[in-house]
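Lettering of chains follows the sequences in order, A, B, ..., and the numbering in each one begins at 1. On a predicted model such as this, the values are computed, not experimentally measured, just so you know.
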Protein chains: 2
Amino acid sequence: MQLTRERIIAAAMELIEREGVDAVSMRRIAAQLDSGVMTLYNHVPSKSALLEGVAEQVMSGIDFSLDPEASWEDQVRALARAFRHALRAYPRCAMVTVSRPATSAAELRTMEQALTLLRSVGFGEEDAVRVVRMFIGYIVGSLLREVGVAPGLVPQRPLGQDQSVLQADRVVGLDPSEFPLVTGMSAELMQRDHDADFEFGLNLLVHAVSELRPARAK
Amino acid sequence: MQLTRERIIAAAMELIEREGVDAVSMRRIAAQLDSGVMTLYNHVPSKSALLEGVAEQVMSGIDFSLDPEASWEDQVRALARAFRHALRAYPRCAMVTVSRPATSAAELRTMEQALTLLRSVGFGEEDAVRVVRMFIGYIVGSLLREVGVAPGLVPQRPLGQDQSVLQADRVVGLDPSEFPLVTGMSAELMQRDHDADFEFGLNLLVHAVSELRPARAK
DNA sequence: ACCTGAACACCGTTCAAGT
DNA sequence: ACCTGAACACCGTTCAAGT
């Protein structure tokens with residue numbers, strides 16, 4: 001089968017999801033595709049360009065279809081959920097995506113869509129940008145934690161079977177007198193309904209933003 | 001001069017800030033400390049343990065001193081700012097920090113402090129955890145973008161002089177008919193007052209959380 | 001146009017050996 | 001207790017050579 005940029009990106013994404021970014025090497029991808037290492041370079045200029053392709057692939061998974069009948073708050077919610085949904089489809093690839101500058105068309109489309117929505121309901125340029133950034137910050141930050149790589153205690157079953165990740169469950173073993181709440185609430189902290197948590201924060205944000213709007217809208 | 005864990009971590013942090021995480025290698029750190037590579041392993045068990053040390057160092061920079069006279073909203077704000085402040089002191093090391101599970105005492109202390117504050121003003125266990133996570137999500141997500149590695153358009157002068165980062169300025173060159181707002185607002189999008197942006201979102205969040213509280217407080 | 005092996009300048013870490 | 005060089009099994013990428 002012919003080697004293509006698409007197949008190479010797909011192989012990289014598979015490998016990232018299965019073993020993590022650190023396991024990705026041009027040599028391993030080539031092996032997986034039954035080709036020589038150097039063959040990859042006929043379709044992809046470098047490893048970092050390949051990872052950029054992965055990022056673009058992840059972001060192109062965002063479903064932008066909005067219900068124009070819905071309230072603008074619901075449209076904001078839908079957009080935020082679509083972003084989150086695309087990232088969650090490939091959690092480890094999503095980490096790669098949010099760890100590099102956004103330059104691809106797929107990434108900019110998200111920004112464009114969000115700005116359009118906010119401008120259309122009366123937000124000024126400056127506030128529109130700030131609100132979008134706040135939502136992106138929240139969505140990305142939540143996902144980082146959820147995937148188990150950010151502050152806030154490691155939350156769930158690890159994605160891989162690496163011991164390095166498994167050992168993260170050691171909230172037990174903390175000094176309860178130093179961390180009474182963390183130890184006492186470890187059940188709360190460890191096993192979470194991430195979707196419910198996300199909706200909780202999303203509602204707070206939408207509510208906050210919705211209170212902000214009328215004051216500035218013409 | 002004697003080699004110590006502290007000196008090794010400090011050298012790693014310097015290297016990370018100057019050239020980025022990818023430039024960090026045990027060999028380069030050793031060279032910088034005028035020692036053999038293997039000497040490092042007498043003080044640090046592995047490279048990944050070394051990076052965990054970096055993360056702990058970053059998190060230990062959080063200043064937890066709160067004014068007990070202040071309103072709880074102001075205390076929440078102060079805590080959020082202290083977290084952000086510590087991360088911004090070493091932006092590239094902060095990226096390393098938020099990219100790995102939080103297990104160190106310094107990291108857990110942040111969670112403990114935040115939970116204590118929220119519980120003391122009447123939030124239930126579940127809401128306290130959710131609120132803290134929302135703030136962490138926002139702070140971390142904002143910083144990711146601000147440092148220039150997350151979606152939302154590359155914002156500022158790159159930290160290093162690498163061409164790979166410099167080329168990120170190419171919002172010019174986009175098709176204005178496809179991205180009218182992004183291209184039209186590129187000035188807004190590119191040069192930002194990050195502190196003002198952060199305070200903007202922080203205020204919205206605090207306001208949202210403050211509206212949530214009375215409904216549940218006893 | 002597409003493929004490729006050899007080679008180069010790097011990695012992290014094990015091990016056996018030094019003081 | 002602390003240090004270290006050689007060696008091993010890896011990297012990404014250049015280059016010259018093949019079809």
Side-chain angles (χ1 to χ4, degrees), chain A residues 1-56 92-93 95-96 99-101 160 162-165 167, chain B residues 1-56 92-93 95-96 99-101 160-167:
Chain A
M1 194 158 128
Q2 246 276 89
L3 210 52
T4 61
R5 185 182 133 91
E6 285 65 39
R7 285 190 65 214
I8 294 173
I9 290 177
M13 290 180 70
E14 244 177 66
L15 193 51
I16 290 171
E17 289 304 324
R18 202 171 55 238
E19 303 191 36
V21 209
D22 292 346
V24 174
S25 77
M26 298 301 271
R27 283 168 154 93
R28 290 196 60 182
I29 292 171
Q32 193 148 194
L33 294 170
D34 280 320
S35 84
V37 199
M38 291 321 296
T39 313
L40 301 181
Y41 287 85
N42 291 311
H43 304 89
V44 150
S46 68
K47 185 186 182 182
S48 104
L50 168 55
L51 292 179
E52 204 163 310
V54 169
E56 184 153 10
R92 291 179 143 185
C93 292
M95 292 304 95
V96 175
S99 300
R100 53 188 53 240
D162 331 75
Q163 284 127 312
S164 63
V165 185
Q167 67 156 8
Chain B
M1 195 158 130
Q2 247 277 89
L3 212 50
T4 62
R5 186 183 132 92
E6 285 65 38
R7 286 189 65 214
I8 295 173
I9 290 177
M13 290 180 70
E14 243 177 69
L15 194 49
I16 291 172
E17 290 304 324
R18 204 171 52 238
E19 303 192 34
V21 209
D22 292 345
V24 174
S25 78
M26 299 301 270
R27 283 168 154 94
R28 290 196 60 182
I29 293 171
Q32 193 148 195
L33 294 170
D34 280 319
S35 84
V37 197
M38 292 321 297
T39 313
L40 301 181
Y41 287 85
N42 291 311
H43 304 91
V44 150
S46 67
K47 184 186 182 181
S48 103
L50 168 54
L51 292 180
E52 204 163 308
V54 169
E56 184 153 12
R92 290 179 144 185
C93 292
M95 292 303 95
V96 175
S99 300
R100 52 189 54 237
Q161 278 90 333
D162 331 76
Q163 282 129 312
S164 63
V165 186
L166 280 172
Q167 66 157 5

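- Closest non-hydrogen pair, B:Arg92 versus B:Ile16, comes out as CD-O, 3.3 Å.
- Taking every side-chain heavy atom of A:Arg27 into account, D:dC11 is the closest of D:dC11, C:dC11, D:dC3.
- In this structure, the nucleotide among D:dT14, D:dG12, C:dC11 sitting nearest to the side chain of A:Lys47 is D:dG12.
- Look at CZ on A:Arg28: it is 17 Å from P on D:dA9, rounded to the nearest Å.
- For D:dA1, the OP1/OP2 oxygens have no side-chain nitrogen or oxygen of B:His43 closer than 4.0 Å.
- Taking the side chain of B:Ser35 as heavy atoms from C-beta on, and the options C:dC2, D:dC3, D:dT4, the nearest nucleotide is D:dT4.
- Listed candidates were C:dG5, C:dT14, D:dC3. Nearest to the side chain of B:Met38 is C:dT14.
- Remark: side-chain polar atoms of A:Arg5 are not paired, donor with acceptor, to backbone N or O of A:Val44 under 3.5 angstrom.
- In this structure, CG of B:Asn42 is placed 13 Å from P of C:dT14, rounded to the nearest angstrom.
- Heavy atoms of B:Met26 sit under 4.0 angstrom from primed sugar atoms or phosphate atoms, though from no base atom.
- One interatomic measurement links the two molecules: CG of B:Leu3 to C1' of D:dT4, which rounds to 12 Å at whole-angstrom precision.
- Within the structure, every side-chain polar atom (N or O) of B:Gln2 is placed at least 4.0 Å from both OP1 and OP2 of D:dA1.
- Between A:Leu40 and A:Met26, the closest heavy-atom pair is CD1-O, 3.2 Å.
- Rounded to whole Å, atom P of C:dC2 lies 11 Å from atom CD1 of A:Ile8.
- Here the closest heavy-atom approach between residue B:Ala30 and residue B:Gly36 is recorded as CB-O, 3.7 Å.
- Taking for each of A:Ala23 and B:Gly36 the nucleotide of DNA chain D with the nearest heavy atom, the 5'-most of the two is the partner of B:Gly36.
- B:Val24 comes within contact range of the sugar-phosphate backbone alone, with a heavy-atom separation under 4.0 Å but no base atom that close.
- Atom C1' of nucleotide D:dT4 and atom CG of B:Leu33 are separated by 15 Å, given to the nearest angstrom.
- Residue A:Tyr41 places at least one side-chain N or O closer than 4.0 Å to OP1 or OP2 of D:dT13.
- For D:dC8, the paired nucleotide is C:dG12, the pair qualifying as Watson-Crick or G-U wobble because both relevant distances are below 3.5 Å.
- Between A:Glu19 and A:Arg28, at least one side-chain N (NZ, or NE/NH1/NH2) sits under 4.0 Å from a carboxylate O, which counts as a salt bridge.
- Atom P of nucleotide D:dC2 and atom CG of B:Leu40 are separated by 14 Å, given to the nearest angstrom.
- Across all strands shown, C:dC2 is found opposite D:dG18 as a Watson-Crick or G-U wobble partner, with both distances under 3.5 Å.
- Within the nucleic acid shown, A:Ser25 comes within 4.0 Å of sugar-phosphate atoms alone, with no base atom in reach, counting heavy atoms only.
- Atom CZ of A:Arg5 and atom C1' of C:dC3 are 19 Å apart (whole Å).
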